[in-house]
Amino acid sequence: MKKYKLNNDKKKEPTPAQIKKYKDFSTVAHNYQRLTKRPKKPLYRDPKFFILIILLGLIFLLVFMETEKEEAEVNNDKTEQRD
Amino acid sequence: MFRRKQLKNLSESELIKLAKKDTRYFEGLYERNFEFVFRFLYKRLSGNEDLSNELTQKTFIKAMGAIKRYEDRGYAFSTWLIRIAQNEANMLFRSSKKTVVIEFSSSDVKPLLSEVYESSEFKDEHYELLIQLLNELPDDQSDLVELRFLHEMSFKKIADIYNITEANAKMRVYRIIEKLRKIGASS
């Protein structure tokens with residue numbers, strides 16, 4: 001909200017020193033760049049990271065399949081020995 | 001900074017064209033118009049240095065973002081910046097929880113008083129009453145009063161800021177004076 005007031009001692013104009021102090025284009029340009037910068041690409045949209053995830057998945061799958069196979073063979077041997 | 005010497009030799013319309021393609025050229029427009037915008041906001045915010053600086057920065061950041069949409073209609077580039085600065089200040093007034101005080105001195109108010117009371121001799125009560133009346137005006141009308149009497153802008157400049165004709169700007173200001181005259185006479 002704004003309110004008008006009568007004041008005969010008010011500051012009328014900024015001094016040249018004040019103008020010089022605040023005149024700074026690099027700050028304005030920096031703030032503009034910060035506001036308009038594109039958001040960082042999410043990791044899953046990075047092709048290298050995507051391939052790494054696929055490879056890790058494949059390794060886990062192979063290890064899992066291999067251990068399953070070994071367990072199945074051990075179980076088969078046990079049943080054969082019982083027979 | 002970016003080719004500063006080169007920027008100094010370019011005209012304002014050339015700088016605008018270049019800034020539309022590459023915002024680094026906006027520096028030339030900033031250098032030429034900073035003082036005008038800062039002075040405008042400093043007066044509007046009654047000498048609040050920090051707030052004037054903050055809003056001046058916001059004005060130029062907004063202008064940088066909107067420069068591609070800027071159309072040269074023959075008005076000075078500074079009037080476009082003042083329109084943005086005025087919107088920024090109005091947004092601050094609306095969003096601020098504290099009341100922002102805008103100060104007028106007796107000498108700022110005197111030309112308006114002469115118009116309202118059609119006289120040249122005034123007592124303290126006249127000044128107080130006028131300020132009270134200004135506080136009751138809607139924002140769009142008090143903005144016009146500020147431009148004309150606090151910033152001492154010509155009708156031509158006001159017309160450029162509002163993108164209206166000079167005659168229309170005069171008419172709007174005189175309607176407000178007429179309104180103040182009527183309220184002043186009845187109170």
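Here is how names work: the chains are called A, B, and so on, in the same order as the sequence lines, proteins then strands, and each is numbered from 1.
- Inter-residue side-chain proximity for Tyr30(B) and Lys23(A) is flagged as met; some heavy-atom pair is nearer than 4.5 Å.
- Under the 4.5 Å side-chain criterion, counting only non-hydrogen atoms from C-beta, Phe34(B) is in contact with Tyr22(A).
- No more than 12 heavy atoms of other residues, nucleotides or ligands lie within 6.0 Å of NZ in Lys170(B), so this atom counts as exposed by the packing criterion.
- If you measure heavy-atom distances from Ser142(B) to chain A, the contacts under 4.5 Å come from both the backbone and the side chain.
- Atom CD in Glu128(B) sits 10.5 Å away from atom NZ in Lys5(A) (nearest 0.5 Å).
- Only the side chain of Glu146(B) comes within contact range of chain A, with at least one heavy atom under 4.5 Å from a heavy atom of that chain.
- Nearest heavy atom pair, residue Asn135(B) against residue Tyr4(A), reads OD1-N, 2.7 Å.
- Of the two parts of Asp139(B), the backbone and the side chain both hold a non-hydrogen atom closer than 4.5 Å to a non-hydrogen atom of chain A.
- Transitive grouping of hydrophobic side chains (ILVMFWY, heavy atoms separated by less than 4.5 Å) brings Ile164(B) and Met153(B) into a common cluster.
- Between Pro14(A) and Phe38(B), the closest heavy-atom pair is CB-CE2, 3.7 Å.
- Nearest heavy-atom pair, Phe25(A) versus Met64(B), reported as atom, atom and distance to 0.1 Å: CZ-CE, 4.0 Å.
- Side-chain contact between Asp143(B) and Lys2(A) is present, with heavy atoms from C-beta onward closer than 4.5 Å.
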task = Could you walk me through whether Arg39(B) and Ile19(A) pass the side chain to side chain contact (heavy atoms under 4.5 Å, CB included) test, one step at a time?
result = CA-CA 8 Å; Arg39(B) 272 183 195 280; Ile19(A) 291 167; 3.6 Å; yes
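- Among Thr23(B), Val109(B), Leu92(B), the residue with the largest count of heavy-atom pairs under 4.5 Å with chain A is Thr23(B).
- Linking ILVMFWY residues whenever their side-chain heavy atoms come closer than 4.5 Å, directly or via other members, leaves Ile82(B) and Met91(B) in distinct clusters.
- A single hydrophobic cluster is not seen to contain both Val101(B) and Leu150(B); linkage of ILVMFWY side chains at heavy-atom distances under 4.5 Å, directly or through other members, places them apart.
- Contact annotation: the side chain of Asn53(B) never approaches that of Gln18(A) to less than 4.5 Å [non-hydrogen atoms, C-beta and beyond].
- In this structure, the separation between CG on Asn7(A) and CD1 on Ile102(B) is 13.5 Å, given to the nearest 0.5 Å.
- Leu137(B) and Met171(B) fall into different hydrophobic clusters, where Ile, Leu, Val, Met, Phe, Trp and Tyr residues are linked whenever their side-chain heavy atoms come under 4.5 Å apart, directly or through other members.
- Between the OG1 atom of Thr56(B) and the CG atom of Asp24(A) there is a distance of 12.5 Å, given to the nearest 0.5 Å.
- Only the backbone of Lys98(B) comes within less than 4.5 Å of a heavy atom in chain A; its side chain stays farther off.
- Follow the hydrophobic side-chain contacts under 4.5 Å out from Ile84(B) and you reach Phe40(B) in the same cluster.
- Taken from CD in Glu49(B) to OG1 in Thr15(A), the straight-line distance is 7.0 Å, to the nearest 0.5 Å.
- Atoms OG and CG, from Ser105(B) and Leu6(A) in turn, are 7.5 Å apart once rounded to the nearest 0.5 Å.
- The neighbour count for Lys20(B) NZ, taken as heavy atoms of other residues, nucleotides or ligands under 6.0 Å away, is above 12.
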